[in-house]
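Here, residue 1 is the first one in the sequence, and each next residue gets the next number.
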Amino acid sequence: MLKNMLMAAALGVLVVGTGCHRNTRDSAENDAERAVDKTKDAAEEAGDKIEDTAEEAGDKIEDATDD
């Protein structure tokens with residue numbers, strides 16, 4: 001009887017451990033995907049700002065050379 005209870009307890013620990021590992025792995029994958037998305041968004045914003053700055057500089061150059 002004691003042997004069966006110990007085997008059941010050991011099996012329960014293994015099942016819980018496997019479930020936790022899977023949840024941890026899934027969580028890490030989700031975190032990585034969110035980080036990639038944030039990086040892409042930041043890069044796009046930076047690109048837009050650079051483009052706007054270049055256009056403004058071009059406009060200023062045009063204005064300065066028109067006079």
Side-chain angles (χ1 to χ4, degrees):
M1 180 79 156
L2 181 61
K3 195 177 198 180
N4 289 338
M5 287 175 49
L6 289 175
M7 293 269 271
L11 180 61
V13 168
L14 288 174
V15 168
V16 169
T18 301
C20 289
H21 174 70
R22 183 174 302 133
N23 290 339
T24 302
R25 184 181 60 213
D26 291 343
S27 177
E29 288 175 0
N30 290 338
D31 290 346
E33 288 175 3
R34 280 191 294 255
V36 167
D37 290 341
K38 286 182 180 180
T39 302
K40 284 181 182 178
D41 291 344
E44 288 176 2
E45 287 179 23
D48 291 343
K49 287 181 182 180
I50 290 170
E51 186 178 344
D52 292 343
T53 302
E55 286 179 15
E56 289 174 11
D59 291 343
K60 288 180 181 179
I61 291 171
E62 280 183 20
D63 291 344
T65 56
D66 286 343
D67 292 333

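The side chain to side chain contact (heavy atoms under 4.5 Å, CB included) check on E29 picks up R25, D26, with sequence neighbours excluded. Residues satisfying the side chain to side chain contact (heavy atoms under 4.5 Å, CB included) criterion with N30, sequence neighbours excluded, are E33, R34. Not counting sequence neighbours, D59 has no partner by the side-chain hydrogen bond (donor to acceptor under 3.5 Å, both in side chains) test.
Taking CD from E55 and CD from E62, the interatomic distance works out to 10.5 Å, rounded to the nearest 0.5 Å.
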